[in-house]
Chemist: 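Below is one structure. I have some questions about it.
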Amino acid sequence: MVFEDWHTHNELCRHAVGTIEDYIKRAIEMNMDLIGISDHFPYEYLKNGSVLIDQVPYQEYAMKLNEIGAYFSTIQKLKSKYSDKIQIRIAFEIDYFRSQEEALNKYFKNRIEELDYILGSVHMLHGKSRLFAFDDWRFLGMYKEYESIDNLYLEYYHKLQSMISSKDFDFDILGHFDLPKKYNKRARDKDHVLNEAIKTLELVKKNNLTIEINTGGLRKEVEEQYPSFEIVERMYELDIPILLGSDAHHPNDLGYKFDITIKRLRKIGYNQLAHFNERKRTFIEIY
Ligand SMILES: [Zn+2]
Ligand SMILES: [Zn+2]
């Protein structure tokens with residue numbers, strides 16, 4: 001069985017452990033067929049815009065703009081060094097912010113053709129009083145600003161919908177689809193929130209995007225992959241392509257619980273996983 005991990009980080013983002021090479025070596029040790037290097041894209045490009053990015057410790061969330069060049073050249077070097085052992089892909093996980101596409105593309109467009117795929121994610125919300133990263137435990141106090149946790153979920157799904165619909169935000173794979181559940185703060189009106197999630201899935205389908213099954217959630221308080229199998233069932237009905245990511249922030253996270261997750265995906269009906277090369281999607285069989 002082909003074994004590919006499409007979502008990994010490394011020490012460049014300041015909150016992951018290990019060099020890019022450490023991850024590659026570990027992936028080889030684990031007999032993986034492919035590793036996608038998909039570290040967090042910098043937030044600095046937002047500094048002079050309308051997003052008050054200084055309200056969050058963004059320096060701890062991503063590499064710097066002036067490190068992008070080294071990021072590419074390091075991965076290219078490792079790609080040839082280990083070419084007979086493992087396939088290596090170059091990617092970014094990019095955080096979406098409304099109406100910041102132009103600022104982003106200024107830094108990004110010139111390198112986009114060097115990428116194999118782009119993970120589009122939402123980690124931040126605007127709340128009532130300030131910007132905050134809802135997946136950073138230091139901002140858990142901000143949840144109280146919402147009348148109900150459901151409103152946080154709804155704001156999140158609306159932002160995903162904007163990301164998917166944006167003509168200028170270029171991405172291939174939607175990251176950790178139901179991330180607001182990370183700290184196991186569950187929706188109260190479950191059906192209402194699920195409805196918004198399904199509306200989001202319909203947009204994903206319409207735009208021919210892929211969703212990652214992110215096993216990182218299994219290591220968090222929620223102890224469940226993103227998205228839940230309830231959502232994955234809807235994805236299968238809609239024929240939305242999927243692939244697997246561990247969201248590794250330590251080399252030992254690579255391929256985390258892929259075996260049991262694939263078994264569940266097979267039960268739901270999925271028999272193939274998406275695969276990317278130079279932004280082109282193909283499929284591999286799972287069994
Ligand atoms: Zn991270
Ligand atoms: Zn993420």
Chemist: Can you tell me if Glu21 and Tyr82 form a side-chain donor-acceptor pair at under 3.5 Å?
Modeler: yes
Chemist: Between Phe92 and Tyr71, is a ring pair (Phe, Tyr, Trp, His ring centres under 6.0 Å) present by the stated rule, with each step listed?
Modeler: CA-CA 10 Å; Phe92 272 122; Tyr71 179 66; 4.9 Å; yes
Chemist: Do His40 and His123 meet the criterion of a side-chain donor-acceptor pair at a distance under 3.5 Å?
Modeler: no
Chemist: How about Glu101 and Ser166: does a side-chain donor come under 3.5 Å of a side-chain acceptor?
Modeler: yes
Chemist: Who are the side chain to side chain donor-acceptor pair (under 3.5 Å) partners of Ser99, not counting sequence neighbours?
Modeler: none
Chemist: Would you say the side chains of Glu60 and His15 form a donor-acceptor pair under 3.5 Å?
Modeler: no
Chemist: Taking all non-hydrogen atoms of both residues into account, name the closest pair between Ser38 and Thr8 and its distance.
Modeler: OG-N, 2.9 Å
Chemist: Identify the two heavy atoms, one from Asp178 and one from Lys181, that lie closest to each other, and give their separation to 0.1 Å.
Modeler: OD2-NZ, 2.9 Å
Chemist: Are a donor atom and an acceptor atom from the side chains of Ser148 and Asn151 found within less than 3.5 Å of each other?
Modeler: no
Chemist: Check whether Lys79 reaches the backbone of Thr74 with its side chain - one donor and one acceptor, N or O, closer than 3.5 Å.
Modeler: no
Chemist: Which heavy-atom pair separates Ile268 from Val232 by the least distance, and what is that distance?
Modeler: CD1-CG1, 3.8 Å
Chemist: Look at the side chain of Asn214 and the backbone N and O of Gly216, then say whether any donor-acceptor pair between them is shorter than 3.5 Å.
Modeler: yes
Chemist: For Asp5 and Gly245, which heavy atoms make the closest approach, and how far apart are they?
Modeler: OD1-CA, 3.5 Å
Chemist: Taking the side chain from Tyr107 and the backbone from Pro42, do they hold a donor-acceptor pair closer than 3.5 Å?
Modeler: no
Chemist: One thing to verify: whether Asp54 and Lys47 come together as a salt bridge, which I'm taking to mean a side-chain N less than 4.0 angstrom from a carboxylate O.
Modeler: yes
Chemist: Quick one about Arg98 and Gln100 (side-chain donor to acceptor, distance below 3.5 Å, no hydrogens or angles considered), yes or no?
Modeler: no
Chemist: Closer than 3.5 angstrom, by distance alone: can the side chain of Lys128 be matched with the main-chain N or O of Glu145 as a donor-acceptor pair?
Modeler: yes
Chemist: With a 3.5 Å distance limit and no angle check, can you tell me whether Tyr183 reaches the backbone of Trp137 through a side-chain donor-acceptor pair?
Modeler: yes
Chemist: Can you find a side-chain donor-acceptor pair between Lys185 and Tyr153 that sits under 3.5 Å?
Modeler: no
Chemist: When you measure from the side chain of Glu67 to the backbone N and O of Lys64, does any donor-acceptor pair fall under 3.5 Å?
Modeler: yes
Chemist: Locate the shortest heavy-atom distance separating Ile213 from Pro227; write the atom from each residue and the value.
Modeler: CD1-CD, 4.0 Å
Chemist: Would you check if there is a donor-acceptor pair between the side chains of His176 and Gln225 at a distance under 3.5 Å?
Modeler: no
Chemist: With distance as the sole criterion, is a donor-acceptor pair present between the side chains of Tyr43 and Asp95 under 3.5 Å?
Modeler: yes
Chemist: Has Asp150 got a side-chain atom pairing as donor or acceptor with Arg188's backbone, closer than 3.5 angstrom?
Modeler: yes
Chemist: How would you list, by chain and number, every residue that makes a side chain to side chain donor-acceptor pair (under 3.5 Å) with Ser165, sequence neighbours excluded?
Modeler: none
Chemist: Regarding Glu44 and Gln59, is there a side-chain donor-to-acceptor distance under 3.5 Å anywhere?
Modeler: no
Chemist: Flag the pair Glu29 and Arg26 as a salt bridge only when some basic side-chain nitrogen lies within less than 4.0 angstrom of an acidic carboxylate oxygen.
Modeler: yes
Chemist: Could you tell me which non-hydrogen atom of Asp170 sits nearest to which non-hydrogen atom of Ile118, and how far apart they are?
Modeler: O-CD1, 3.5 Å
Chemist: According to ring-ring contact (aromatic ring centres under 6.0 Å, His included), does anything in residues 252-287 pair up with another residue at least two apart or in another chain? List the pairs.
Modeler: Phe3-Phe258, Trp6-His275, Tyr236-Tyr270
Chemist: Please determine, by modelled atom types, if Glu212 and Tyr226 share a side-chain donor-acceptor pair under 3.5 angstrom.
Modeler: no
Chemist: Is it the case that the side chains of Thr200 and Gln161 hold a donor-acceptor pair, with the cut-off being a distance below 3.5 Å and no angle test?
Modeler: yes
Chemist: Without swapping roles, check the side chain of Asn207 against the backbone of Val204 for a donor-acceptor pair under 3.5 Å.
Modeler: no
Chemist: Is a side-chain donor or acceptor of Glu4 paired with a backbone partner of Asp33 at a separation under 3.5 angstrom?
Modeler: no
Chemist: Under 3.5 Å, is there a donor-acceptor pair between the side chain of Asp22 and the main chain of Thr19?
Modeler: yes
Chemist: Would you mind telling me which of Arg186, Arg264, Lys182 makes a salt bridge (charged side-chain N to carboxylate O under 4.0 Å, His left out) with Glu224?
Modeler: Arg186
